[in-house]
Each structure stands twice: as C-alpha cells, then as structure tokens.
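Below: the structure, in structure tokens.
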Amino acid sequence: MARIILHVDMDSFYASVEELRNPDLKGKAIVTCMFSGRTKDSGAVSASNYKARELGIRSGMPIRAAKSLAKGKDVAFLPSDREYYWEVSSRVMQILRSYADQREGVSRRLQSMAFEQVSVDEAYLDVSRKAKGDWVKARKTAESIKKEVLEKERLTCSIGIGSNKLVAKMASKAQKPDGLTVVKDSEVRGFFENIPLSKLFGIGPKTLAGLEALGIKTTKELSEHDFKELEKALGSRKAKDLQDTSLGIDDSAVEEKEAQQISRMATLKKDSDDPKEIMEKIEELSEDVEKDLKEAGLHYKTISIILIDTRLQMQTRSRTTIESSSLKKNLDIAGELLEKFLSGNHESKLRRVGIRVSGFSQRKQRTLGEFPKA
DNA sequence: GCGGAGATGGACC
DNA sequence: CTAACGGGTCCATCTCCGC
C-alpha cells in the first residue's frame, strides 16, 4: 500500500522555548550555547532563532565567532538547558504521537503508534491508514497538528508530507518557519532536482567534496551519473544510497528505534595528560550514564572511553566484558584503557573526554504484533 | 566466508 | 588580524582474529 508520512520539525526549538520562558526575550535575537567552562565564551552555539540567523549565527559555530557577528546588536546569549528542552519536547511528542496511525495488530492498551521521534525536536508520523491515500486529508491532519501544538505549547513547527521519510524530511525543510509542504509522488522528481546537493540528507562536507571531484555539482547530475563510476569512487553501498537519495527513494519504516549506546562527554578545565585528573572527570560522567542505564533497565557489554586531544582529534578505546549493569564496577577498565593510551601517547594532551556503553542485551519484550503470523 | 571485537570516519541535530 | 570549537547518537567500513 502507498504510504503517507509526515515529518514534523520544531522551529528553532531551543531558542523558541527560551523565548517562551522569558517574556523579556520576545522578538529578540536569541542564541543558546554550550559553554565548555574552560574560559569565558569557550564553547559552541547549539541553536539560534531566525533573528539571530539573519546575522549569520548558526548552530555549531564557536560562541566567540557568534559574538563577533553580534557585535553592537541586541542578541541574547543563553546557556542551553537541555533537560528543560527535553521536558517540553516530551509534551510536544505526546501530541504528535496521537495523530499517527495505530500500529497493526497491537492492542489498544499498548498504544503503539506508527511514530518515530528522531531527536529532541523532530519526529516522523505514518498516517497512511488514517489518510487512506488522500493527500488533502494528510494536509488537514498536519494543519490540526500545527494548531494543537501552537495552542497547547505556543510553539510553531514545519511539516513535510511525502510517501516516504526522506521526501517528508526534505519537504519539511522546504518552507520554514511555520511551513507546510506536500510533495506528492508525481512531484518528487522535480522537487529533488531543485534541492542543492549540499542540502541533500546524508551529504555532508566530505561527501560533497568527493562528488565534486567526480564533476558532480547538482542533485540531478548525481541521479544521472554512471553508477559504476560512483561505485568505484565511493563503494557500492554509499553509491546506491546517494543515488536513491537524489531520486527521493527510501523504503525505511517509521518505527521507534532501540537505543544502541549511551555516552557522556565533557571538556576538561585545562588540557591534561594526568590519568588521575582525567579519571576524575570520567567517573563524574559515568554516574550520569549509570542513571540512564538504570532508568532504561539496560545491561551493556562494551565500555569505551572517548579521547579528544588539543588538536581536536578524536580517538576511542574500548573493551567488551561480561554483561553488566553497573558502570561503577567497571571503571577500573576505563582506567586501564586510559593508562594504556597515555603510556603510548606521551606527546598528546587531552582537551575533552567521554565514556560510552554499548552492546545492550536484547531483553525487550515482544509485543503481539511482532509475533510471526500463524 | 562469517562472526565479533575494536577502531575510525561521516553525518545529523 | 585571525581564530575562535559542544555534546550526543547512528551507521558504515576496515582490520584483525578465531572458527
């Protein structure tokens, strides 16, 4: 059956939430920042609203770069309060979820919906059954969603509608903020041809450069490029993925994914190669990971440390152990991994460190819908 | 050849 | 004057190794 998928993207979510929290900020340029705490203003921008974007301030840029763009202007720089954003997010997601199809073969009480939250401010909804192939119906659903989110949370969002997740995602980006864009199957080809290569989902700076080296400058050129040549340069999987993406082809399902890893990272107060100092930070971070682990009821098998040196080069070291739920008990492993790294890397000092657990045991209970059909 | 483990790199928010 | 630089997750790929 043909699908109809919605992609909902909250408009400059962090900044909008801050604007609601403090009425004094209304109408101002707002930038939320991750301050690393090592010097005043060291850190990066996590989000900016449209007023701030007009000045060229974008997420990911160093705070100091953002401040230099903001010089002489009235711009609010606020620390990111992610806990609070997740709180607001969960209320928004509850609204969105209620508009998605009921998953087939699942009892009403379990409330399993064809819904997928992909980040704090984004989600996919499968509405194929409710819309019954009717794009007008789907559009009305999207309008209702926007209305309810605005009334209940005073937030705007942009929604894209298409017959798969990729089309919906690119459609939601087409008109922002407060947009609503429908891309029917007959329109997909034209719509994608007009998307700049650099804006295509899955194409970052490296891939863009690689494609440019092949003489590919537009999405249309990518879609028409000889597959064999693309394959030779990028590998078969990547080549196939890219060419599918350039044509708006995607058959992935809208479904909630199980977490694969939990990690925490932080910047050290000052660069260090002292294992004692570094382990202190790692222990601190591990308490946070431990909390998440407990909440999710997960056991992990692999523990990794993440090390970022003064040149911002990242390295990881990991070890797989017997299944455990207690990170505290395994901190000595992190310590060993760190000692071993430092003894082999006398020249490097660390700027940021992190800890990660992964390899969770499959203890998920199967729901009725997942049992094989008799 | 196939898997798991360990490590790296690219991408996205 | 330039450079400045977070934290979290997913996935693919490569190598090595034992079977």
Side-chain angles (χ1 to χ4, degrees), chain A residues 7 9-15 31-48 57-70 79-83 85-86 89 116-123 165-166 169-170 172-173 198-211 234-242 245 252 257-268 271 281 285 288-289 292 301-321 333 337 340-341 351-360:
Chain A
H7 179 254
D9 194 347
M10 301 303 296
D11 296 323
S12 46
F13 185 61
Y14 287 10
V31 182
T32 62
C33 305
M34 301 291 319
F35 292 99
S36 70
R38 60 167 33 202
T39 65
K40 178 170 145 42
D41 289 348
S42 88
V45 169
S46 48
S48 54
I57 297 173
R58 301 273 184 279
S59 54
M61 68 169 37
I63 293 165
R64 293 168 69 176
K67 286 208 168 172
S68 111
L69 288 169
S80 297
D81 182 352
R82 279 184 299 174
E83 220 176 302
Y85 308 147
W86 275 104
S89 167
E116 179 180 350
Q117 180 172 357
V118 281
S119 72
V120 68
D121 70 338
E122 265 182 64
K165 292 204 293 183
L166 172 64
K169 166 96 185 170
M170 295 312 299
S172 73
K173 287 211 274 182
S198 63
K199 302 277 190 217
L200 217 50
F201 186 74
I203 297 188
K206 302 287 177 179
T207 308
L208 190 67
L211 292 174
L234 304 164
S236 65
R237 178 59 184 262
K238 188 105 184 159
K240 171 97 172 81
D241 282 355
L242 282 175
T245 297
S252 62
K257 308 280 190 289
E258 307 273 324
Q260 304 294 309
Q261 57 179 235
I262 298 171
S263 68
R264 286 293 181 282
M265 298 195 49
T267 301
L268 297 169
D271 299 340
K281 181 57 82 178
L285 295 170
D288 239 25
V289 173
D292 282 12
K301 289 202 278 296
T302 302
I303 176 170
S304 316
I305 54 171
I306 304 158
L307 311 168
I308 291 158
D309 66 22
T310 50
R311 300 163 328 197
L312 300 179
Q313 296 298 302
M314 177 168 62
Q315 295 198 68
T316 60
R317 292 292 181 270
S318 64
R319 188 178 302 170
T320 298
T321 66
I333 296 178
L337 292 169
K340 198 159 147 203
F341 172 85
R351 180 188 178 94
R352 288 156 64 191
V353 298
I355 185 152
R356 171 167 68 217
V357 292
S358 56
F360 299 134

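So that the names make sense, note that chain A is the first sequence line, chain B the second, and so on, each numbered from 1.
In this structure, A:S89 and A:F13 have side chains that are in contact, with non-hydrogen atoms separated by less than 4.5 Å. The side-chain heavy atoms of A:R311 and A:R351, taken from C-beta on, include no pair separated by under 4.5 Å. A:R319 has its side chain within reach of A:L337: a pair of non-hydrogen atoms, C-beta onward, lies under 4.5 Å apart. Under the 4.5 Å side-chain criterion, counting only non-hydrogen atoms from C-beta, A:I203 is not in contact with A:T245.
We find that A:K169 and A:D9 are not joined by a salt bridge, their nearest charged nitrogen and carboxylate oxygen being 4.0 Å or further apart. For the pair A:R352 and A:D309, the salt-bridge criterion is not met [side-chain N within less than 4.0 Å of a carboxylate O]. Under 4.0 Å is where a charged nitrogen must lie from a carboxylate oxygen, and between A:D41 and A:R64 no such pair does.
Residue contacts for A:I262: at a heavy-atom cut-off of 4.0 Å it reaches the sugar-phosphate backbone alone, with no base atom in range. Backbone-only contact: A:A259 has heavy atoms under 4.0 Å from sugar-phosphate atoms and none from a base. Here A:S80 lies out of heavy-atom contact (under 4.0 Å) with every strand. Within 4.0 Å of A:G359, counting heavy atoms only, lies no atom of the nucleic acid at all.
Residue A:T267 places at least one side-chain N or O under 4.0 Å from the OP1 or OP2 atom of C:dG7. For the pair A:T320 and B:dG6, the criterion of a side-chain N or O lying under 4.0 Å from OP1 or OP2 is met. Checking the phosphate oxygens (OP1, OP2) of C:dG7, no side-chain nitrogen or oxygen of A:R82 falls inside 4.0 Å. Phosphate contact (OP1/OP2 of C:dC5, side-chain N/O of A:R38, threshold under 4.0 Å): absent.
In this structure, of C:dG7, C:dT13, C:dC5, it is C:dC5 that holds the atom nearest to the side chain of A:L312. Checked against C:dT9, B:dG6, C:dC10, the side chain of A:S263 finds its nearest nucleotide in C:dT9. Comparing atom distances between the A:R352 side chain and each of B:dA7, C:dT9, C:dG6 picks out C:dG6 as nearest. Residue A:M34 has its side chain nearest to C:dG6 when only C:dC10, B:dG6, C:dG6 are considered.
The gap from the C1' atom of B:dA11 to that of C:dG6 amounts to 16 Å, rounded to the nearest Å.
The distance between atom CZ of A:R58 and atom C1' of C:dG6, rounded to the nearest whole Å, is 18 Å. Rounded to whole Å, the distance from CD on A:Q261 to P on C:dC11 is 9 Å. Atom CZ in A:F360 sits about 9 Å away from atom P in C:dT9, given to the nearest Å. Between the CD1 atom of A:I57 and the P atom of C:dC5 there is a distance of 17 Å, rounded to whole Å. Atom-to-atom, CG of A:L337 to P of B:dA5 comes out at 15 Å; the value is rounded to the nearest Å. One atom, NZ of A:K301, and another, P of B:dG6, lie 12 Å apart when rounded to the nearest Å. The CZ atom of A:F341 sits 12 Å away from the C1' atom of B:dA7 (whole-angstrom rounding). Put simply, CZ on A:R237 is 9 Å from C1' on C:dC11, counting in whole angstrom units.
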Which letter, B, S or -, goes with each nucleotide of nucleotides 14-19 of chain C from 5' to 3', with contact meaning a protein heavy atom under 4.0 Å?
------
For each nucleotide in nucleotides 8-13 of chain B, reading 5' to 3', give B when a protein heavy atom comes within less than 4.0 Å of its base, S when such contact involves only the sugar-phosphate, and - otherwise.
B-SSSS
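Summarising the local packing, NZ of A:K173 is surrounded by more than 12 heavy atoms from other residues, nucleotides or ligands at distances under 6.0 Å.
Ranked by how close their nearest DNA chain C nucleotide is to the 5' end, A:K257 and A:M265 are led by A:M265.
The closest donor-acceptor contact from the side chain of A:T32 to the backbone of A:A47 lies under 3.5 Å. With A:Q260 contributing its side chain and A:E258 its backbone, the two residues share a donor-acceptor pair below 3.5 Å.
The closest side-chain donor-acceptor pair between A:T320 and A:T302 falls under 3.5 angstrom.
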